[in-house]
Structures are given as C-alpha cells and as structure tokens.
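Input: a single structure, listed below in structure tokens.
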Amino acid sequence: MKRILLLGGVTEALAIARTLGPEHIYSLAGVGRVPTDLTCEVRVGGYGGAEGLAQFIRDEGIDLLLDATHPYAAQISHNATTAAQLSGIACWALRRPAWQPQTGDDWRDISDWAELIEALKPFHRPLFTLGREPLQHLHEIPPEQFWTLRALDVYPGNERCEVIGARGPFLIEDERELFERRQIDVLISKNSGSTATEPKLEVARERGVPVIVLQRPMLPGVDRELLTLQETLDALATFVQ
Ligand code: NAP
C-alpha cells in the first residue's frame with residue numbers, strides 16, 4: 001500500500017483530497033477552512049520547517065509528497081522539495097500555468113510593495129486582491145486615493161479604505177458590479193492562474209482598467225510537474241497501482 005502526503009491550499013488540492021482513501025494524508029496550513037467530510041486523514045498546521053516535514057514523512061511511511069499549494073506559497077514548496085530529498089521520496093507538484101495577458105490588456109509587473117506603491121501613483125481607486133498584506137499599509141494611503149481591498153475575511157478598514165471579505169469563485173456579473181460601484185481605476189492581483197478568480201481580469205479588460213501584477217515567486221524544481229487537476233489524478237492513479 002502506497003501512502004501519499006498531499007500539501008493543500010488551492011481548490012484543486014481539495015478536489016484531489018476528495019479522491020484519496022484513508023491511508024493518505026491531506027495537509028493544510030490552517031489558514032483557511034478545514035473540510036470535515038473527507039475519507040482521507042486531514043492534518044492541520046505546520047511541521048516546523050523542512051526537517052520537521054522530513055521527519056513526519058519518515059514517521060508516517062509516506063511514499064510520495066504532492067505539493068498542491070498556492071503558487072505564491074513559496075516557503076512550503078521549498079520545504080517540500082528539501083524534505084522529500086532528505087527522506088528519499090519523490091516530490092511532485094501541481095503547478096497551475098500563469099495567466100497570460102490578452103489583446104486589450106494593460107498589465108504592469110511589480111515584484112514588491114515598493115514597486116507597487118510607485119506603480120499606483122497615477123491612480124485613485126485601486127482594487128487590491130492580494131490577500132491580507134495591504135492591511136499593514138492602510139495608514140500609508142495617500143489623500144488622493146481610496147482603496148478597496150478584497151480578502152478572504154472581513155477586516156476593519158478606515159476612512160480611506162473599504163475591506164470586503166469574499167471567497168471565490170467569483171462571477172463576472174458580480175465583478176462588473178464591483179468595478180462599477182467602487183469606480184475601480186486599477187486592479188492589483190497575483191498571477192494565481194485560477195479560473196475561480198479570473199473574471200476580474202476580464203472585467204478589467206472590458207473597462208480598459210490597467211492591472212498591476214505581482215510576479216510569481218521562484219519555485220524549486222520537482223521530480224514531476226503537473227499542470228492540471230486531471231493530469232494529477234491520472235498520475236496518482238498510476239502511482240498507487
Ligand atoms: P508559505 O509562506 O509558503 O508557508 C508558510 C508556512 O506555513 C510553511 O513554512 C509551513 O509551516 C506552513 N504551511 C504552508 N502550507 C502548508 C500545508 N499545506 N500544510 C502544512 N503546513 C503548511 O505559505 P503562505 O503563503 O503563508 O500560505 C499558507 C497556505 O495558504 C498554503 O498552504 C497555501 O497553499 C495557502 N494559500 C496561500 C495563498 C497565497 O497567496 N500565499 C493563497 C491561497 C492559499 P512549517 O514550516 O512550520 O511546516
């Protein structure tokens with residue numbers, strides 16, 4: 001019997017976890033919702049770095065580590081490859097292809113917060129879809145700007161920022177309404193490659209709104225890179241035979 005340790009964090013990871021039997025483990029950091037209706041074991045919380053993860057792999061007799069974490073969760077991906085090497089098992093990763101700009105898009109790449117602030121200068125009503133990081137900068141909002149910040153949960157904003165708590169998938173009609181209601185003149189996004197959050201890009205294109213894109217972090221090489229959910233399910237089915 002082969003055992004898989006699945007590192008989750010994205011929609012596809014949960015879909016994979018739903019197909020796994022009780023001998024396999026689905027691992028979550030504990031920042032989002034924890035499913036309670038899975039057949040496989042669910043483990044919540046970190047391992048204390050790559051060494052801790054390697055120890056867990058050895059203790060549990062894991063045969064394959066599958067990294068299905070978010071493309072911007074670089075730390076756990078680096079830990080995964082190191083831990084797999086330390087424990088002598090293979091590490092596979094499900095890596096969604098990045099979104100590509102299409103005709104009519106005005107995308108501007110940035111790599112950190114300082115570049116983002118510079119890129120934002122010509123705009124007045126940005127929509128942030130970067131998660132919680134902008135919350136640390138609410139006191140820095142220039143007087144000519146009003147921010148809309150969307151995160152998984154609602155957090156306090158201030159007189160220059162409204163925080164919206166919402167979880168995808170997002171419908172294009174709702175995104176259109178949001179851009180119109182908030183009069184968004186620039187969108188700030190990671191390049192997650194997820195279909196669940198892609199409609200905002202379509203609305204930005206329709207409205208001629210520029211998109212400031214936080215570049216993806218460098219991720220480590222793995223033994224096998226999988227691009228889609230189906231490809232991953234097929235590979236796993238062969239692996240456990
Ligand atoms: P990160 O910086 O790469 O990881 C931080 C630490 O969280 C890791 O070192 C590890 O702790 C723990 N961790 C992360 N994923 C884990 C998992 N699947 N199982 C057990 N421990 C895990 O990650 P992050 O950017 O904070 O994201 C945290 C989680 O949220 C990830 O699982 C990611 O897939 C998900 N997520 C992230 C984003 C994003 O934009 N970053 C978006 C959506 C979902 P130890 O070192 O103690 O093992």
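Just so it is clear, the model here is predicted, and its values are computed rather than measured. Just the heavy atoms: all of them, side chains too, but no hydrogens, waters or symmetry mates, feed the values below. Whatever order the structure lists ligands and atoms in, that order sets their numbers, starting from 1.
Arg205 has a carboxylate O that lies under 4.0 Å from a charged side-chain N of Asp105, or vice versa, which qualifies the two as a salt bridge. Salt bridge annotation for Arg150-Glu175: present, with a cationic side-chain nitrogen under 4.0 angstrom from a carboxylate oxygen. The existence of a salt bridge linking Asp37 and Arg18 is confirmed by a sub-4.0 Å separation between a basic side-chain nitrogen and an acidic carboxylate oxygen. Salt bridge status for Glu206 with Arg176: present, with a side-chain N to carboxylate O gap under 4.0 Å.
With hydrogens left out, the protein atom closest to atom 36 (N) of ligand 1 is His70 CB, 3.6 Å, a heavy atom. Looking at atom 2 (O) of ligand 1, its nearest protein heavy atom turns out to be Gln75 CB, 3.7 Å. When only non-hydrogen protein atoms are considered, atom 33 (C) of ligand 1 lies nearest to Ala73 CB, 3.7 Å. When hydrogens are left out, the protein atom nearest atom 19 (N) of ligand 1 is Ser27 OG, 2.7 Å; that is the closest non-hydrogen contact. In terms of protein heavy atoms, atom 47 (O) of ligand 1 is closest to Gly48 N, 2.8 Å.
For ligand 1, the atoms lying closer than 4.0 Å to a non-hydrogen atom of Asn79 are 9 (O), 46 (O). Close contacts between ligand 1 and Ala74 involve ligand atoms 3 (O) [criterion: under 4.0 Å to a heavy atom]. Distances below 4.0 Å separate heavy atoms of Gly45 from the following atoms of ligand 1: 20 (C), 21 (N). The distance from ligand 1 to the heavy atoms of Tyr47 drops below 4.0 Å at these ligand atoms: 20 (C), 45 (P), 47 (O), 48 (O). Listed by number with element, the atoms of ligand 1 under 4.0 Å from a non-hydrogen atom of Gly46 are 11 (O), 21 (N), 45 (P), 47 (O), 48 (O).
Atom 44 (C) of ligand 1 has its nearest heavy-atom neighbour, among Gly52, Gly8, Gly9, in Gly9. The residue among Ala68, Gly49, Ala29 with a heavy atom at the shortest distance from atom 12 (C) of ligand 1 is Ala29.
For the ligand labelled ligand 1, residue Leu28 lies inside the 4.0 Å heavy-atom shell.
Remark: ligand 1 and Val10 share no N or O pair separated by less than 3.5 Å (distance only, no angle test). At least one N or O atom of Ile76, backbone or side chain, sits closer than 3.5 Å to an N or O atom of ligand 1. Here's the thing with Lys190: one of its N/O atoms is less than 3.5 angstrom from an N/O atom of ligand 1. Taking any N or O of Leu7, backbone or side chain, none lies under 3.5 Å from an N or O belonging to ligand 1.
The presence of a protein heavy atom under 4.0 Å from atom 6 (C) of ligand 1 is ruled out. For atom 26 (O) of ligand 1, no protein heavy-atom neighbour is found at a distance under 4.0 Å.
His137 and Glu140 share a donor-acceptor pair across their side chains, judged by distance under 3.5 Å alone. Trp147 and Gln145 share a donor-acceptor pair across their side chains, judged by distance under 3.5 Å alone.
Geometrically, Arg182 does not engage Phe146 in a cation-pi contact defined by less than 6.0 Å to the ring centre and at most 45° from the axis. A cation-pi arrangement is absent between Arg167 and Phe170 under the rule of less than 6.0 angstrom and at most 45 degrees off the ring axis. The cationic group of Arg43 lies under 6.0 Å from the six-membered ring centre of Phe56 and within 45° of the ring axis, placing it in a cation-pi geometry.
No donor-acceptor distance shorter than 3.5 angstrom exists from the side chain of Asp223 to the backbone of Trp92, with no hydrogens or angles considered. Proximity of a side-chain donor or acceptor of His124 to a complementary backbone N or O of Glu144 within less than 3.5 Å is detected.
Interatomic distance, Leu6 CG to Leu236 CG, rounded to the nearest 0.5 Å: 8.0 Å. With rounding to the nearest 0.5 angstrom, the CG atom of Leu66 is 9.0 Å from the CG atom of Leu5.
Of all the heavy atoms of Ser192, none lies under 4.0 Å from any atom of ligand 1, so neither backbone nor side chain is involved. Under 4.0 Å from ligand 1, the heavy atoms of Val31 that appear belong solely to its side chain.
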